[in-house]
Amino acid sequence: MIGVSRYRLQPRPAQEQALLEHCGHARYVWNLAVEQHAHWKPGRKSAPGFAEQCRQLTEARAACAWLRAGSTIVQQQALKDFAQAMANYFGGTHRRPTWRTRGRGEGFRIVAVKAGDVRRLSRHVGEVKIPKVGWVRFRWSRTVPEGVKSFRVTRDRVGRWHVAFAAIPEPIPAPGTGDIVGVDRGVAVSAALSTGEMLNAPTLRDTEQRRLARLLRKLARAKRGSNRRDQVKAAIAKLKGRETDRRKNWVEKTSTDLARRFDVIAVEDLKIRNMTRSASGTLEAPGRNVRQKAGLNRGILANGWGRLVARLEHKAPGRVQKINPACTSQRCSACGIVDRAARESQARYRCRSCGYAGNADVNAARNIAHAAGHAVAARGGLPLGEPVNREPQPVSSQRETGWNPTPSGGGGCQSSCPIPASYVRSRTGEP
Ligand SMILES: [Zn+2]
């Protein structure tokens, strides 16, 4: 069920040296990226993105023999990891990526793994082919998932090596109904659907949370370097691991369910969010993720959202539509007006123009579905290549009601907002 499974890697001493070299390269490249972004401030020309950094990496490899001797995959993937870490940071779910030090949470990732690169030698022994290192053995403690496309090698503080295989799940066939669903990250819930459904990622039970709090207090009292401290730490790690496993399971179940039920799944485009706004935004246009940062739900959102989108893209390839999040929280999903004052609270949206009232996250999810409906129509059909005969469900009721281009909330919508433009297009008869 879970997409990633971890195994104990057992490199020979010479191989360990080569693995450490890979770790060193990954760390070096990551730290360079951290440096580049450390100087960036909102309003300045953007710091180099993944593509530009890859180009710079090619130059750096040409100039530096030490780097050139290493694996391109390892180095490029370190950049990719960094890009993902920045996206998570801007998305409000993670802290800013920081400098990596030798010996702490070291690792690297290998992609483009071929079918024969992982094999079983005996009942408890397998081996995996690592570029520039060769075949490295690992403990075959459970079945390795089929269709491994990438893996990550890590070394913990104690010096133990692990390999984690990530398998891409089989795509799930679209239902073919033409239905579009919008998914919004919620405040009170983990995700709100345009259908009105609220989805909650599981967290620790009350008793477990109390136990965790007790353990954390114990940890604060325990002497540094004591056995007791190690025991408490292990117990904390176990509890947190349980929570992570539950969330991963939830992501798998939820992504499968959405891929089965809807032809198009529309989510916010976190990359656009990154480019257009800082976490807090400005006074006139507060960033949308402020509420998430402040929300009680932050811990639940952490990790889960990015993983959910990634899994959706695996299970419903070509059917995930990323929507510019501008205005999705302020626009009324019933009449289309953009009203900044319509948010009665974090959870309630009440339109002062048409009287529509509902959960604020569901309202945002409906707007996301609406924008996706127009994007799909503008492209001339669903990404499946079939003609669309049906108007997407979530937007059908908005057709009759007019779009008022003068928002009552004052100021008007940001120019980057895709919703009014697409709506106007559809009214003038263009696709
Ligand atoms: Zn309204």
Side-chain angles (χ1 to χ4, degrees), residues 4 6 9 11 14-113 130-133 136 150-164 166 237 244 270-271 273-275 278-279 293 302-303 306-307 310:
V4 175
R6 204 168 74 132
L9 196 64
Q15 290 179 327
E16 190 164 12
Q17 277 313 307
L19 292 177
L20 281 170
E21 193 86 341
H22 278 341
C23 289
H25 287 136
R27 186 177 62 235
Y28 178 78
V29 168
W30 169 282
N31 286 341
L32 276 184
V34 171
E35 284 264 284
Q36 281 185 331
H37 280 256
H39 302 295
W40 182 81
K41 296 252 158 36
R44 278 198 207 163
K45 189 169 164 283
S46 68
F50 177 63
E52 169 62 13
Q53 284 181 331
C54 276
R55 204 188 54 71
Q56 291 172 358
L57 177 63
T58 310
E59 279 174 13
R61 279 174 64 91
C64 169
W66 171 71
L67 217 51
R68 192 165 57 241
S71 153
T72 322
I73 294 182
V74 166
Q75 294 163 18
Q76 262 187 15
Q77 288 307 307
L79 287 179
K80 196 152 216 177
D81 288 348
F82 178 79
Q84 183 59 49
M86 284 307 277
N88 292 343
Y89 165 63
F90 282 121
T93 58
H94 289 65
R95 271 181 280 184
R96 194 184 184 102
T98 52
W99 191 266
R100 280 194 180 157
T101 38
R102 183 192 294 268
R104 285 180 57 179
E106 295 226 67
F108 58 88
R109 194 146 47 125
I110 299 296
V111 294
V113 176
I130 301 177
K132 308 223 175 208
V133 181
V136 182
S150 71
F151 60 84
R152 188 171 186 84
V153 172
T154 50
R155 182 179 185 272
D156 64 19
R157 282 172 173 215
V158 202
R160 287 174 303 199
W161 292 89
H162 287 96
V163 58
T244 309
L270 293 176
K271 272 198 206 121
R273 174 199 293 252
N274 299 349
M275 288 188 293
S278 70
K293 283 209 147 181
N303 303 316
R307 192 177 287 134

Query raised in the report: Under the side-chain contact (heavy atoms from CB on, under 4.5 Å) criterion, do Ile130 and Val163 qualify, and how do the steps go?
Result: CA-CA 11 Å; Ile130 301 177; Val163 58; over 6 Å; no
Query raised in the report: For Tyr28, does the OH atom sit with more than 12 other heavy atoms under 6.0 Å from it, leaving out its own atoms?
Result: no
Query raised in the report: Can you tell me if Arg102 uses its side chain to pair, donor with acceptor, with the backbone of Gly24 under 3.5 Å?
Result: no
Query raised in the report: Quick one: are Pro131 and Val74 in side-chain contact, heavy atoms under 4.5 Å?
Result: no
Requested in this report: Determine which pairs satisfy salt bridge (Lys or Arg N to Asp or Glu O under 4.0 Å) with at least one residue from residues 15-27, sequence neighbours left out, and list them in order.
Outcome: Arg27-Glu106
**Report entry** Pairing residues for Gln56 by the side chain to side chain donor-acceptor pair (under 3.5 Å) criterion, not counting sequence neighbours
**Finding:** Gln36, Glu52
**Report entry** Under the side chain to side chain donor-acceptor pair (under 3.5 Å) test, residues paired with Arg68 that sit two or more places apart
**Finding:** none
Query raised in the report: Quick one: are Ile110 and Val153 in side-chain contact, heavy atoms under 4.5 Å?
Result: no
Report task. Might you point out which heavy atoms bring Ala60 and Leu67 nearest each other, and give the distance in Å? Result -> CB-CD2, 3.9 Å
**Report entry** Residues forming a salt bridge (Lys or Arg N to Asp or Glu O under 4.0 Å) with Arg152, sequence neighbours excluded
**Finding:** Asp81
Query - By side-chain contact (heavy atoms from CB on, under 4.5 Å) - contacts of Gln77 (at least two apart) - result: Ile73, Lys80, Arg109, Val111
Requested in this report: Would you indicate whether the side-chain heavy atoms of His22 and Ser71 approach each other to under 4.5 Å?
Outcome: yes
Report task. For residues 69-78, pull every pair meeting salt bridge (Lys or Arg N to Asp or Glu O under 4.0 Å), keeping only residues two or more places apart or in separate chains. Result -> none
Query raised in the report: Under the side chain to side chain donor-acceptor pair (under 3.5 Å) test, which residues partner Asn31, sequence neighbours left out?
Result: none
Query - Any side-chain heavy-atom pair of Gln75 and Phe108 under 4.5 Å - result: no
Query - ring pair (Phe, Tyr, Trp, His ring centres under 6.0 Å) involving His162 - partner list, sequence neighbours excluded - result: none
**Report entry** Separation between CG of Leu32 and CG of Leu79, rounded to the nearest 0.5 Å
**Finding:** 8.5 Å
**Report entry** Partner residues of Phe82 under the ring pair (Phe, Tyr, Trp, His ring centres under 6.0 Å) criterion, sequence neighbours left out
**Finding:** Trp30, His37
Query - side chain to side chain donor-acceptor pair (under 3.5 Å) involving Arg155 - partner list, sequence neighbours excluded - result: none
Query - Minimum heavy-atom distance Gln76-Cys54, with the two atoms named - result: CG-SG, 3.9 Å
Report summary line: Sequence neighbours excluded, the answer for side-chain contact (heavy atoms from CB on, under 4.5 Å) partners of Thr98 is none
